[in-house]
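One structure below.
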Amino acid sequence: MESTFRGRDVISIRDFSREELEYIFDVADEMESIYRSGTDVLRGKILASLFFEPSTRTRLSFETAMIKLGGGVVGFAEPDISSVKKGENLADTVRVVESYADVIVLRHPLEGAARLAAEYVNIPVINAGSGAEEHPTQALLDIYTIRRELGRVDSLNIGILGDLRYGRTVHSLCIGLTNYDVKLFLISPELLRLRREFLEEVKKKVEVVETDRLERVIDKLDVLYVTRIQKERFADLAEYEKVRGAYRVDLDILQRAKESLIVMHPLPRVEEIDPEVDYTPHARYFDQVRYGVLVRMSLLKLILSG
Ligand code: NCD
């Protein structure tokens, strides 16, 4: 199995079979002890993180993962101070970076950006978010969190709440979960529903229930994955104002949930989870951050070692 990962791009969660997902998670389990002590398996390797959009977690998580494995990191998080500001196009930027690095981690506002970059270079490209389209490594860490916290992914009722239209983490997570035997509850205001053609794709593989009211389904859920409204992706801010504050998870609603329910969120959160929820046994969003480093260590090791 190990050799199927070497040198591979990670553009979409669709790139992975269930067996491959499980293998990445098994290796992530092994990373727990390496995370504490560090290792030098990737000594001499360099990760370039190219972030054309804001990020805290994803960039720092990849960089931490690389450093823990003994590798080095270069890159930019402010394209305004790189040559992009002078008008350099993405293809040129990645072709230049290829001379410095062994792997590129790219976040870009345009859908298809990671795939395009991968066509121009021979080193692996990892998609760290491409517009509203995909965020495959977030889906990996989300599914890993469910596996770690609940011991399995199969036969769970998983609710995904919020901006299903523009949320790239939602898109990757839905597709990733189609590898498992789950029931999906898609909960959002009408305006933020999953795109129809995308919904059809998901429905072919797993059972889906759509609703605009969390109250109607909260008691059935094993996982509630909450997302932020992606304000920056609205072409018309008046549309955003219509849905702003349309949902919020608080102690009140959680009273109706299973005791074992876990609440997840890719972060950053804005108003959609009351901070009081942080102190309940349901909250798992900060654990996700920790698991994210293990999953990215696993992925980098599999792609770059050997
Ligand atoms: C997400 C993203 O960038 O898509 N953040 C993340 O990577 N954890 C979610 C978001 O911005 O809402």
Side-chain angles (χ1 to χ4, degrees), residues 9-15 47-63 73-98 101 103-121 123-142 160 162-176 188 191-195 197-198 227-241 243-244 265-270 272 292 296:
D9 297 314
V10 178
I11 306 300
S12 165
I13 194 72
R14 290 182 178 84
D15 300 344
L47 175 148
S49 58
L50 311 184
F51 277 68
F52 292 83
E53 265 194 345
S55 168
T56 305
R57 271 150 298 273
T58 306
R59 185 171 63 82
L60 297 186
S61 175
F62 265 112
E63 295 184 1
V73 172
V74 297
F76 57 78
E78 293 160 84
D80 280 359
I81 58 165
S82 76
S83 284
V84 173
K85 182 82 178 169
K86 301 180 194 164
E88 184 167 70
N89 67 37
L90 181 63
D92 282 3
T93 302
V94 294
R95 278 183 289 193
V96 167
V97 170
E98 183 177 23
V103 57
I104 289 174
V105 175
L106 176 74
R107 170 170 289 189
H108 200 281
L110 292 180
E111 302 194 357
R115 197 169 297 285
L116 178 103
E119 276 167 23
Y120 280 93
V121 296
I123 58 173
V125 172
I126 301 178
N127 182 3
S130 46
E133 175 190 43
E134 276 234 39
H135 192 346
T137 65
Q138 180 70 41
L140 290 177
L141 80 89
D142 292 337
I160 305 184
D163 191 344
L164 315 185
R165 181 168 167 196
Y166 296 115
R168 56 192 171 198
T169 71
V170 170
H171 299 146
S172 293
L173 180 59
C174 283
I175 296 290
S188 70
L191 206 63
L192 300 179
R193 283 166 71 184
L194 208 58
R195 285 200 313 272
E197 66 279 13
F198 192 88
T227 63
R228 164 182 81 86
I229 300 180
Q230 308 279 303
K231 181 180 178 185
E232 68 276 26
R233 310 230 184 267
F234 282 72
D236 176 1
L237 270 186
E239 294 268 285
Y240 166 73
E241 289 300 334
V243 286
R244 184 182 175 175
H265 193 303
L267 301 177
R269 79 173 137 181
V270 189
E272 58 280 351
R296 291 184 172 115

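All figures in this text were calculated on a predicted structure; none of them were measured in a lab. Hydrogens, waters and symmetry mates play no part in the numbers below; they use all other heavy atoms, side chains included.
- Note that CG of L173 is 11.5 Å distant from NE2 of H135, once rounded to the nearest 0.5 Å.
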Dump the intermediate steps for side-chain hydrogen bond (donor to acceptor under 3.5 Å, both in side chains) on R228 and H265, then the final yes or no. CA-CA 8 Å; R228 164 182 81 86; H265 193 303; over 6 Å; no
Could you walk me through whether E134 and R14 pass the side chain to side chain contact (heavy atoms under 4.5 Å, CB included) check? CA-CA 10 Å; E134 276 234 39; R14 290 182 178 84; 3.3 Å; yes
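- Taking the centre and axis of the six-membered ring of F62, the NZ or CZ atom of R296 falls inside the cone set by 45° and 6.0 Å.
- Heavy atoms only, all atoms of each residue included: S55 and R107 are closest at CB-NH1, 3.3 Å.
- Across all non-hydrogen atoms, the minimal contact from L50 to G75 is CD2-CA, 4.4 Å.
- The CD1 atom of I126 sits 12.0 Å away from the OG1 atom of T58 when rounded to the nearest 0.5 Å.
- Considering only residues two or more places apart in sequence or on other chains, D163 meets the side chain to side chain donor-acceptor pair (under 3.5 Å) condition with none of them.
- Counting heavy atoms from C-beta outward, V103 and I123 have side chains that stay 4.5 Å or more apart.
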Evaluation steps, side chain to side chain contact (heavy atoms under 4.5 Å, CB included), between L194 and H171: CA-CA 8 Å; L194 208 58; H171 299 146; 3.8 Å; yes
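- R165 is not listed as a side-chain neighbour of S188, based on a closest heavy-atom distance of 4.5 Å or more.
- Across every non-hydrogen atom of P266 and T227, the tightest pair is CD-CG2, 4.3 Å.
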L90 and L106: side chain to side chain contact (heavy atoms under 4.5 Å, CB included), yes or no, with the steps? CA-CA 10 Å; L90 181 63; L106 176 74; 4.0 Å; yes
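- Using a cutoff of 4.0 Å between basic side-chain nitrogens and carboxylate oxygens, E241 and R244 are scored as salt-bridged.
- For the atom pair CG of D9 and CG of N127, the computed distance is 10.0 Å after rounding to the nearest 0.5 Å.
- Ring orientation note: the planes of H108 and F52 are tilted relative to one another, at an angle of 30° to 60°.
- A salt bridge links R233 and E53; the closest N-O separation between the charged side-chain nitrogens and carboxylate oxygens is under 4.0 Å.
- I11 and D15 get closest at one heavy-atom pair: N-OD2, 3.1 Å.
- Residues K231 and L237 are in side-chain contact: their nearest non-hydrogen atoms beyond the backbone lie under 4.5 Å apart.
- For the pair I160/C174, a side-chain contact is recorded, criterion being any heavy-atom separation below 4.5 Å from C-beta on.
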Hey, mind stepping through I229 and V270 against side chain to side chain contact (heavy atoms under 4.5 Å, CB included) and telling me if it holds? CA-CA 8 Å; I229 300 180; V270 189; over 6 Å; no
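- With sequence neighbours left out, the side chain to side chain contact (heavy atoms under 4.5 Å, CB included) criterion links D80 to K85.
- Ion pairing of E111 with R168 is absent here, as no side-chain N (NZ or NE/NH1/NH2) approaches a carboxylate O to less than 4.0 Å.
- Taken to the nearest 0.5 Å, the OG1 atom of T56 stands 10.0 Å off from the CZ atom of F51.
- Of all non-hydrogen atoms in A48 and A101, the two that sit nearest each other are CB-CB, 3.7 Å.
- When all heavy atoms of S49 and V73 are compared, the pair lying nearest together is OG-CG1, 4.4 Å.
- Here the CZ atom belonging to R95 is positioned 5.0 Å from the CG atom belonging to D92, to the nearest 0.5 angstrom.
- Note that OH of Y240 is 10.5 Å distant from CG of L192, once rounded to the nearest 0.5 Å.
- For Y120, the OH atom counts as loosely surrounded, since its 6.0 Å shell holds 12 or fewer non-hydrogen atoms of other residues, nucleotides or ligands.
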